[in-house]
Number of protein chains: 2
Amino acid sequence: MTHLPETSAIVLNGPDLESRAQPDDHQTLRLWLRMLTCCTLIENELRSRLRTEFGTTLPRFDLMAQLLRAPDGMKMSDLSRHMMVTNGNITGIVDQLERDGLIERIKSVTDRRSSLVRLTDKGRRTFAKIAKAHEEWIRDMFGGLRETSSHSLFQSLGELKLAARTQLGGV
Amino acid sequence: MTHLPETSAIVLNGPDLESRAQPDDHQTLRLWLRMLTCCTLIENELRSRLRTEFGTTLPRFDLMAQLLRAPDGMKMSDLSRHMMVTNGNITGIVDQLERDGLIERIKSVTDRRSSLVRLTDKGRRTFAKIAKAHEEWIRDMFGGLRETSSHSLFQSLGELKLAARTQLGGV
DNA sequence: TATTGTTATACTCTATAACTATA
DNA sequence: TATAGTTATAGAGTATAACAATA
């Protein structure tokens with residue numbers, strides 16, 4: 001990485017996805033580009049740290065996080081919906097995690113097409129460690145945000161989530 | 001604080017990445033998950049529409065967008081920095097776009113290791129069409145956001161961008 | 001007929017690292 | 001020595017679609 005002086009104007013206007021916006025672009029587009037830049041920045045960092053420090057990936061981590069709050073397990077199709085990716089991909093990620101002994105498939109007795117996926121004890125222990133580090137990374141990256149900004153960001157994003165979902169026609 | 005319709009709780013709590021948060025999770029983590037959900041939602045939609053309606057991808061679109069505001073061209077390494085991906089990947093994306101006649105490499109006369117990449121006329125025409133549709137999609141998806149929310153979102157994200165960049169120690 | 005999950009395929013994007021040509 | 005870009009490799013994630021088993 002290159003190192004430029006860290007005055008805020010320079011840093012804030014540093015090269016990134018947002019800098020593709022033209023002076024006369026509409027404000028909504030600029031807003032989206034700024035949001036995309038923030039997400040990409042953070043996601044890149046999380047992916048990198050998950051890989052180097054824990055040998056795992058964001059989708060694998062996300063899938064385990066979903067399972068943590070479903071002690072009785074989740075169906076593959078639930079995971080698909082929650083993680084916003086198609087069914088076949090869930091099979092792949094679940095395969096990997098099962099191979100590592102972090103999760104297990106439990107055959108459903110009521111519907112023999114279906115199975116429940118849940119964390120193993122090893123999975124829970126492993127996830128706890130990663131999640132702890134993960135939350136620290138997040139806190140560090142969001143640390144420079146004032147309390148009021150953080151709060152209004154949360155509110156506005158809630159509104160956006162609703163707006164986008166409504167627009168895209170679905171829950 | 002916010003004034004949302006009654007159904008908003010249901011829609012807002014629909015299954016997604018944020019729904020992995022536990023009741024006692026720290027607020028910062030919840031904030032990140034909400035932001036990630038919004039970005040994923042919008043990115044998925046943009047990717048899908050770019051593919052089905054224009055046969056292209058988000059990175060290709062982003063690269064062309066970068067070039068649009070650099071009529072004299074950009075170096076590969078500039079593109080790499082702006083798009084926040086490594087150098088080798090830029091080569092790949094530039095190869096594809098060049099093969100389609102949308103951009104061209106111009107050998108630098110002053111530094112023979114380097115070349116400038118810029119849009120062709122065809123590239124500019126093609127990009128204009130896609131960008132127009134793209135901005136409409138964005139406006140639709142952000143349409144349900146109140147003006148004040150949109151504005152505070154923009155401000156807060158600016159702060160976050162700065163905070164994250166500072167924390168990650170670089171441009 | 002519809003649904004659940006798997007499999008197969010193909011492609012895009014990605015990081016890493018070794019390499020070349022040039023500076 | 002350092003830099004600009006390419007190539008090679010390997011792997012992750014993705015959509016699509018065909019498929020089997022079951023509902």
Side-chain angles (χ1 to χ4, degrees), chain A residues 1-3 17 36 40-41 43-63 73-100 103-117, chain B residues 17 36 39-41 43-63 73-100 103-117:
Chain A
M1 267 217 177
T2 47
H3 296 283
L17 297 169
L36 183 57
T40 305
L41 213 54
E43 268 198 73
N44 280 355
E45 189 65 20
L46 293 179
R47 279 180 208 283
S48 164
R49 293 191 186 176
L50 283 174
R51 191 180 55 253
T52 59
E53 299 188 24
F54 295 102
T56 191
T57 66
L58 207 42
R60 281 203 272 264
F61 177 73
D62 283 341
L63 196 148
M74 286 174 78
K75 294 201 303 178
M76 305 287 283
S77 46
D78 292 336
L79 285 167
S80 171
R81 202 151 14 88
H82 279 255
M83 295 182 63
M84 303 187 258
V85 299
T86 54
N87 229 307
N89 301 310
I90 296 294
T91 297
I93 301 175
V94 166
D95 284 349
Q96 295 171 353
L97 289 170
E98 193 176 32
R99 209 176 304 127
D100 291 342
I103 66 177
E104 56 189 348
R105 284 177 168 95
I106 311 286
K107 284 279 170 215
S108 164
V109 280
T110 57
D111 183 342
R112 295 204 321 237
R113 291 170 306 181
S114 175
S115 56
L116 287 175
V117 185
Chain B
L17 297 168
L36 182 57
C39 266
T40 305
L41 211 54
E43 268 198 75
N44 280 355
E45 188 66 20
L46 292 179
R47 281 181 207 282
S48 163
R49 293 191 187 176
L50 283 173
R51 190 179 57 254
T52 59
E53 299 188 24
F54 295 103
T56 191
T57 66
L58 208 41
R60 280 202 274 264
F61 177 73
D62 283 342
L63 196 148
M74 286 174 78
K75 294 201 304 177
M76 304 287 283
S77 45
D78 292 335
L79 285 168
S80 170
R81 202 154 11 87
H82 279 255
M83 294 182 64
M84 302 187 260
V85 298
T86 54
N87 229 303
N89 301 310
I90 296 295
T91 298
I93 300 174
V94 165
D95 284 348
Q96 295 171 353
L97 289 170
E98 194 176 32
R99 208 175 305 128
D100 291 343
I103 66 178
E104 56 189 349
R105 283 176 168 94
I106 312 286
K107 284 278 169 217
S108 163
V109 280
T110 57
D111 184 342
R112 291 202 325 233
R113 292 171 305 180
S114 175
S115 56
L116 287 175
V117 185

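If you're wondering where the values come from, they're calculated on a predicted model, not measured in any experiment.
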Original post:
Which of residues 45-54 of chain B sit near DNA chain D, with a heavy atom under 4.0 Å from it?
Top reply: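 Under 4.0 Å from DNA chain D: R51(B).
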
Original post:
Between residues 83-90 of chain A and DNA chain D, which residues have a heavy-atom gap below 4.0 Å?
Top reply: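 Listed by number, they are V85(A), T86(A), N89(A).
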
Distance, nearest 0.5 Å, that separates [atom1] of [X] from [atom2] of [Y]:
X	Y	atom1	atom2	value
I93(A)	Q96(A)	CD1	CD	6.5 Å
L97(B)	R105(B)	CG	CZ	10.0 Å
D62(B)	L46(B)	CG	CG	9.5 Å
T56(A)	R47(A)	OG1	CZ	11.5 Å
M74(A)	M83(A)	CE	CE	9.5 Å
N89(A)	M84(A)	CG	CE	14.0 Å

In whole Å, what is the span from the [atom1] atom of [X] to the [atom2] atom of [N]?
X	N	atom1	atom2	result
R113(B)	dT22(C)	CZ	P	10 Å
R99(A)	dA12(D)	CZ	C1'	13 Å
L79(A)	dG13(D)	CG	C1'	16 Å
R112(B)	dT6(D)	CZ	C1'	17 Å
D111(B)	dA21(C)	CG	P	15 Å
D95(B)	dG5(D)	CG	P	13 Å
F61(A)	dG13(D)	CZ	C1'	18 Å
K75(A)	dA23(D)	NZ	C1'	11 Å

Original post:
Counting any heavy atom closer than 4.0 Å, what does T91(B) reach on the DNA or RNA strands: base, sugar-phosphate only, or nothing?
Top reply: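 Here T91(B) touches the bases of the nucleic acid.
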
**OP:** Just call it for S108(A): base, sugar-phosphate, or nothing, with non-hydrogen atoms closer than 4.0 Å on any strand.
**Re:**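 Counting heavy atoms under 4.0 Å across all strands, no contact is made by S108(A).
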
Subject >> For R51(A), salt bridge (Lys or Arg N to Asp or Glu O under 4.0 Å) partners two or more places apart >> reply: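 Checked R51(A) against salt bridge (Lys or Arg N to Asp or Glu O under 4.0 Å); zero matches.
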
Original post:
Do K75(A) and L116(A) come close enough that some side-chain heavy atom pair is under 4.5 Å?
Top reply: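 Answer yes - side chains close enough.
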
Any side-chain N or O of [X] below 4.0 angstrom from OP1/OP2 of [N]?
X	N	answer
Q96(B)	dC13(C)	yes
S77(B)	dG5(D)	yes
T57(B)	dC13(C)	yes

Subject >> Heavy-atom donor-acceptor pair, S80(A) side chain to V85(A) backbone, under 3.5 Å >> reply: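 At least one qualifying donor-acceptor pair exists.
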
Original post:
For T110(B) and S115(A), take the nucleotide of DNA chain C holding the closest heavy atom to each; which residue's nucleotide lies nearer the 5' end?
Top reply: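 Its nearest nucleotide lies further toward 5', so the answer is S115(A).
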
